[in-house]
Structures are given as structure tokens and as C-alpha cells.
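Each remark here refers to the structure printed beneath this line.
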2 protein chains.
Amino acid sequence: MKSKTIILDGIDKKILKALTADARTPILEIARNVGISGAAIHQRLRKLEKSKLISGSKFILNPKVFGYNTLAFVGIYLEHATNSETIVKALKRIPEVLECHYTTGHYNIFIKLLCIDNAHLMHLLNTKIQTIPGIIRTESVISLDQQIDRQIQI
Amino acid sequence: MKSKTIILDGIDKKILKALTADARTPILEIARNVGISGAAIHQRLRKLEKSKLISGSKFILNPKVFGYNTLAFVGIYLEHATNSETIVKALKRIPEVLECHYTTGHYNIFIKLLCIDNAHLMHLLNTKIQTIPGIIRTESVISLDQQIDRQIQI
DNA sequence: TGTGAAATCTGCCAAGA
DNA sequence: TCTTGGCAGATTTCACA
């Protein structure tokens, strides 16, 4: 039992399906739907958590209610000798940066930005991002409408 | 009370901060930290839910434990006369597609893909995505490592 | 908006088949 | 790995300040 492939049976899948849909689903409610006791569900959950398969739970906020309407992806080109970690550190300080990836291909770094509107995006790029030392150029793709948003299926 | 800007006071922010960090934080625990009664927290939560500010809660699965290690962003070029909705419908049937956006700029559609490895990604692109009628060409950016992953701050 | 109290439901542990 | 039993604590509602 040193290294292990995790094998999920139907019950595990049902538990995960319920909790990935709504993290506050009562365990006893799942137990009723699945047909085993709450304590058993609880034991399985502890197993799943130990296996790192579940990495947490979150309330999902709706950005539009806060007035955040412009989602954009920005590819970043760096100078050759730039220390990427410094760039990432600078990007972390910008709250609008939701994701940041080191990438292959055209760009060195690729980020996802959430802004109030296009003007806010432009302002961010011009005054906060393109001014970071080491960043040469950026290329933006603006999302007009998001059609799919989900996790891996189980 | 027809249209309303939502004003969050310090208590609302503490509630949201606790629940966006861990959706299963007990309400009474938040109540203790904030210094008001559990019933009051409950009332505020109902208000926040009604305002659509909270759009749900989710358990976060760890894709790496399932063997999913390659995250990629793919820009898609469509033929001019293509009905985008048909394309999106086809993309929805591919479980590896986690996000899908209509976009401005170079691409017509932009997606986020989660695959087992690079071979799986290539296979997906060649056999499932580029074969969708209307798709002319795709351009991929592969994430080597994700450094930031978060929601909007409150 | 807040509180406190009451009724009900959950979370979680232990012991055992 | 399941079940039962049980208690502490959580959720939820309500009348009232």
C-alpha cells in the first residue's frame, strides 16, 4: 500500500458528484440517496481527502454582481534573460490576475484577467502589466461570452 | 428596492472570506469569529444568495490524482459562415473541454483543455476537435506549470 | 438587523459484525 | 467496509427587541 492507483466505485462517484455540485450537501442526504449509512459516507470522504483527490471546497462568487464583466486571456513575452519568478511575484500583487501559467509556444507566460470593463483592462495592461520590467509585449484575447465552465468529469 | 447596488459591510466580507476559503466552514464558527449570532449570519447568507452574489459552492477535485497533467489553451479559427452554437455544442460533448469562450481578436473561440499528457492532447486535437466541421485551424498554448489560481478578491 | 430559545438534523466517533 | 448508537454541535425558524 505504498503507491496506489485510486479506484473509485459507484458510491465514491456519487459522493463526489453531489459534493462537486454543491459542497454543502449534507452527508446524510447523500447517504439516503446512495443507500448506506452516514458514517460510511464519512469514512469514504476521509479516505478521499487523504488521497488528495479532493483539494478543498469553495463558494463560487458571481463576478458580474460585483461589476466585473470583462474576462481576458493575455499572452506575455519576456526578455530572454528575465527571471520569471519575479514576474509572477509582480503578477500576484495584481488582484485582477486570476490565473498565471508558464507556457510553451508563443508566450512565456499566460494569464487570465478579470476586469470591470474594457477600459479597465486597457488601463491594467498599460499601467500595471506592461510596465513590469522584463515584459516586452502582450497579446490579448477578450472573452465575449463564456459558454462552458466545469471541472474534470468523474 | 427595484435595482440595487450591493453593499457589503465588514461582516459580509468575513462571511464570504470564510466560505470562499472553505465552503463547509460551520456557520456558528463564523458567528463566533465575527461576534454576532448564528441566526444573524444565516440571515445574511440568505440575503447574499438572493442577490446572486454567491452562485454556488463546489468541492475542488485535484486533476493530477486522476492522472490529468496537461493543461492547454486552444484558440480556434472558424470558417466564416459557421454557426458557432453548433461548434460549442460539439465541444460540450468533449469532457476534456473545461472552458469555452466566444472571443474577439485572432480567434473565434477559445477553450481550456485538460488532458492526461501531451500525447492525449495531440490525439484530442487531431481526432476530436479539428474534425468538427467549421473549424479551420487551432493554435495551442500548453501550460507547463500553474502559478496562480484564484477568484476575484472581496 | 439584531438576539435567544426550541426543534430538528448533522457530523463524527467508537465498537462490533 | 459496512452498521448501529449516541452525543455534541450545527442548521433553521420564529417571536421579539
Side-chain angles (χ1 to χ4, degrees), chain A residues 1-62 64-67 151-154, chain B residues 1-62 64-67 151-154:
Chain A
M1 208 194 275
K2 23 200 69 163
S3 90
K4 50 192 165 187
T5 315
I6 287 139
I7 296 164
L8 300 175
D9 63 13
I11 295 177
D12 289 320
K13 285 184 188 169
K14 279 184 185 172
I15 296 173
L16 290 178
K17 201 168 281 183
L19 289 173
T20 49
D22 178 358
R24 289 191 82 99
T25 312
I27 287 177
L28 288 183
E29 189 180 313
I30 302 171
R32 269 178 251 119
N33 291 335
V34 175
I36 63 178
S37 75
I41 302 281
H42 193 249
Q43 287 166 19
R44 280 164 176 269
L45 256 182
R46 303 230 310 160
K47 190 189 64 187
L48 293 174
E49 276 164 6
K50 256 197 306 193
S51 75
K52 308 288 180 201
L53 196 139
I54 294 168
S55 54
S57 67
K58 286 178 182 159
F59 259 59
I60 309 300
L61 301 181
N62 182 356
K64 292 192 180 168
V65 178
F66 290 98
Q151 292 192 68
I152 41 169
Q153 262 88 314
I154 43 178
Chain B
M1 207 196 274
K2 22 200 68 163
S3 90
K4 51 193 162 185
T5 315
I6 287 140
I7 295 163
L8 298 176
D9 62 13
I11 294 177
D12 289 321
K13 284 184 188 169
K14 280 183 184 171
I15 297 173
L16 289 178
K17 201 168 280 182
L19 290 173
T20 50
D22 178 0
R24 291 191 80 99
T25 311
I27 287 175
L28 287 184
E29 189 181 312
I30 301 171
R32 268 177 252 121
N33 291 335
V34 174
I36 62 176
S37 72
I41 302 280
H42 191 248
Q43 284 169 23
R44 279 165 178 269
L45 257 182
R46 304 228 311 158
K47 188 190 65 187
L48 293 174
E49 277 163 6
K50 255 196 306 191
S51 76
K52 307 288 180 202
L53 197 140
I54 295 167
S55 53
S57 68
K58 286 178 183 163
F59 259 57
I60 310 300
L61 302 181
N62 183 355
K64 291 190 180 166
V65 178
F66 290 98
Q151 290 193 66
I152 42 169
Q153 262 89 316
I154 43 179

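Computed from a predicted structure; not experimentally measured. Letters go in sequence order (proteins before strands), and every chain restarts at 1.
- Put simply, the side chain of A/N62 never gets that close to the backbone of B/S55: no donor and acceptor are under 3.5 Å apart.
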**Request:** Please step through side-chain contact (heavy atoms from CB on, under 4.5 Å) for the pair A/L8 and A/L53, ending with a clear verdict.
**Result:** CA-CA 11 Å; A/L8 300 175; A/L53 196 139; 4.3 Å; yes

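- Taking atom NZ of residue B/K47 and atom P of nucleotide C/dG2, one finds them 7 Å apart after rounding to whole Å.
- B/L45 approaches B/L19 most closely through the heavy-atom pair CD2-CD1, 3.8 Å.
- The distance from atom CD1 of B/I41 to atom P of D/dT13 is 16 Å, rounded to the nearest whole Å.
- Side-chain contact check for A/L16 versus A/I54: some heavy-atom pair is nearer than 4.5 Å.
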**Fill in**
Each nucleotide of nucleotides 10-17 of chain C classed B (base within 4.0 Å of a protein heavy atom), S (only sugar-phosphate) or -, in 5' to 3' order, makes BSSB----

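- Separating the CZ atom of B/R44 from the C1' atom of C/dT1 is a distance of 7 Å, rounded to the nearest angstrom.
- Residues A/K14 and A/I41 form no side-chain contact, since every pair of their non-hydrogen atoms from C-beta on lies 4.5 Å or further apart.
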